[in-house]
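Note on naming: letters A, B, ... go to the chains in the order of the sequence lines (proteins, then strands), and numbering restarts at 1 for each one. This is a predicted model, so every value here is computed, not measured.
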Number of protein chains: 2
Amino acid sequence: MVRKPTSKETARKPNMREAILAAAEELFAINGFNAVSVRDIAQAAGANPGSVTYHFKTKDGLLLEIYRRHCGPMNLRRSELLAAARRVRDLQDRLEAVVRAYVVPAFTSGSDLAGGGARFTRLRAVMSAEGNEVARKIIAQTFDDTSHAFIDAIHESLPHIPRTDIVWRSHFLLGALYYSLVTPDRVSRLSRGEADGGDAASAIEQLVQATVASFQAPPLDHAAPARRRPVVSSKT
Amino acid sequence: MVRKPTSKETARKPNMREAILAAAEELFAINGFNAVSVRDIAQAAGANPGSVTYHFKTKDGLLLEIYRRHCGPMNLRRSELLAAARRVRDLQDRLEAVVRAYVVPAFTSGSDLAGGGARFTRLRAVMSAEGNEVARKIIAQTFDDTSHAFIDAIHESLPHIPRTDIVWRSHFLLGALYYSLVTPDRVSRLSRGEADGGDAASAIEQLVQATVASFQAPPLDHAAPARRRPVVSSKT
DNA sequence: TGATCTTTTGTACGATAGTACAAATCACAT
DNA sequence: ATGTGATTTGTACTATCGTACAAAAGATCA
């Protein structure tokens, strides 16, 4: 008889805890935290509502565990890719590699969770929009380090751009990334079917290319707006 | 003796209907649709919960009315600015003007609502993330025309870029725009206080500049992406 | 097998949700 | 001042929320 697990950390044969986590992740990512009830999650997971309470104590605890599951692997993968990107000699290529190291793990999973990267990133996007408190705390203390590392790496490739501008542009990158995962159908619609907003590979390439170009844009902090004239004038 | 209003369309002296709309708009934009109760809105507006039902019938009806209030003016202003931008001769300047015509009304109000532009745009961002049904319907039938007009205008300035790429990049623009309004504090935090994410003027300039550069990036549709050397450079 | 621990189930409780509706109140034309 | 229609108030109803908890069921090992 095969018997590998000790009694302490085993769950049932069909792992209910995991099923609940997966169902919650999916539902939260699509509908937001507040619109999904514990009963909805339980039903989607084929579990009893009480099981959710048993495994995660509260609804917040469930969300917290989802974050714990993904943050580690994703940031680890980002660190690896970032380290590799830093070793690229050509500054131009390095910039692209760094951006790619930031973007790719958000679309594709960082570890055992297959294809869960995009789902979790979408979850983060939605929680961010909802101003979810649990998420806010985790984000600030888990992702800011990573964000700083990327900003520094980008700054390394573009020393002549003020750090402030890089912060703004990397912020735009994250916004674009989030939005691409939240409403991919809009891309399909506006392109009249010529593009598939749900295609991760396309999204990544488009995003990386557009973002690299935006980082390379000339800085504007320099208090010298003489170059361009005020273009807008239509109001009375 | 002042007598301007006819009895038919007047509300109370302190216009309750407007107060409710304003309160709802603010609360929805910050916390999302589902997290805000009708009672929350009524309290914030200094009204009775029943008044909300009286004026707007349902909570969905209230959201619908908020959209009706803003969509017209904002799209009107965008059309004006877009028309003006189209008249700019220099292609480079025209591109920037077009982008600005898209961005500016989202941050600043389009009509009588003072400063409400950013709030409403943030509301749209949050509703989009939550997958709100009421919002989805209105968006598709109200904003897609505008979006197409902008995409076409940009395509005019950049004829060598495939329309598909322009759709993606304008999608990124909207995502960046939304995200800037949803979590401006992140910019302040990551820049270590050097930038104020809440400053609309800075956000607009940064966003316009970054976006123009992203639109100008070389197209990537071209089937064979070997080792490409991007042409964009900032040296003068 | 029986004892013990873990997990699942079922049910219930208090809080709060959206909304309906009658009564009270107000603004204003007559 | 008075009647009338537009608003506001107060309250109540039903549904659903998150969560607690005891009992049932399953697993583990002496």
Side-chain angles (χ1 to χ4, degrees), chain A residues 1-25 27-28 30-66 127 130 132-135, chain B residues 1-25 27-28 30-66 127 130 132-135:
Chain A
M1 299 196 182
V2 275
R3 179 164 301 144
K4 42 181 190 293
T6 77
S7 67
K8 230 12 176 334
E9 55 182 12
T10 50
R12 280 299 160 74
K13 287 169 294 186
N15 200 328
M16 251 309 150
R17 197 183 138 93
E18 295 302 321
I20 293 171
L21 276 172
E25 191 182 310
L27 289 174
F28 285 159
I30 293 177
N31 304 105
F33 185 77
N34 300 300
V36 177
S37 72
V38 173
R39 287 169 177 82
D40 290 337
I41 297 165
Q43 186 171 24
N48 188 286
S51 283
V52 179
T53 306
Y54 170 71
H55 284 291
F56 307 100
K57 201 62 187 170
T58 67
K59 197 183 172 190
D60 277 359
L62 174 53
L63 181 63
L64 197 70
E65 182 58 26
I66 292 174
M127 294 303 111
E130 281 188 321
N132 185 285
E133 265 308 313
V134 176
Chain B
M1 40 191 70
V2 276
R3 177 180 308 139
K4 37 181 188 292
T6 78
S7 68
K8 235 355 174 350
E9 55 182 11
T10 50
R12 281 299 158 74
K13 285 171 296 186
N15 200 329
M16 251 311 152
R17 198 184 138 93
E18 295 302 321
I20 293 170
L21 275 171
E25 191 182 309
L27 289 174
F28 285 158
I30 293 177
N31 304 104
F33 185 77
N34 300 301
V36 177
S37 72
V38 172
R39 287 169 178 80
D40 290 337
I41 297 166
Q43 185 170 28
N48 188 286
S51 282
V52 178
T53 306
Y54 171 72
H55 284 291
F56 308 100
K57 201 63 185 171
T58 68
K59 197 183 171 190
D60 277 358
L62 175 52
L63 181 62
L64 197 69
E65 182 58 25
I66 292 174
M127 294 304 110
E130 281 189 321
N132 184 285
E133 265 308 313
V134 176

- Query: Can you give one letter per nucleotide of nucleotides 15-20 of chain D, 5' to 3': B if a protein heavy atom sits under 4.0 Å from the base, S if only from the sugar-phosphate, - if neither?
  - Reply: --BBBS
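- Taken to the nearest 0.5 Å, the CD atom of Glu65(A) stands 4.5 Å off from the CZ atom of Arg17(A).
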Which atom pairs, donor and acceptor, lie under 3.5 Å between side-chain atoms of residues 39-47 of chain A and protein residues at least two apart or in another chain?
{"unit_1": "Asp40(A)", "atom_1": "OD1", "unit_2": "Ser37(A)", "atom_2": "OG", "d": "3.4"}
{"unit_1": "Asp40(A)", "atom_1": "OD2", "unit_2": "Ser37(A)", "atom_2": "N", "d": "3.1"}
{"unit_1": "Asp40(A)", "atom_1": "OD2", "unit_2": "Ser37(A)", "atom_2": "OG", "d": "3.2"}

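- Residue Phe56(B) contributes atom CZ, which lies 17 Å from atom C1' of dA20(C) at whole-angstrom precision.
- The distance between atom OH of Tyr54(A) and atom C1' of dA25(D), rounded to the nearest whole Å, is 13 Å.
- Rounded to a whole Å, the NE2 atom of His55(B) is 15 Å from the P atom of dA20(C).
- Rounded to whole angstrom, the span from the CG atom of Asn15(A) across to the P atom of dG26(D) amounts to 18 Å.
- In this structure, Leu21(A) and Phe56(A) have side chains that are in contact, with non-hydrogen atoms separated by less than 4.5 Å.
- Remark: Asn48(B) pairs with Ser51(B) by the side chain to side chain contact (heavy atoms under 4.5 Å, CB included) rule, at least two apart or across chains.
- Under a 3.5 Å cut-off, the side chain of Lys59(A) and the backbone N or O of Thr53(A) do not form any donor-acceptor pair.
- In this structure, Asn48(B) atom CG and dA12(D) atom C1' are separated by 13 Å, rounded to whole Å.
- A 4.5 Å side-chain heavy-atom check between Glu130(A) and Asn31(B) finds every atom pair outside the cut-off.
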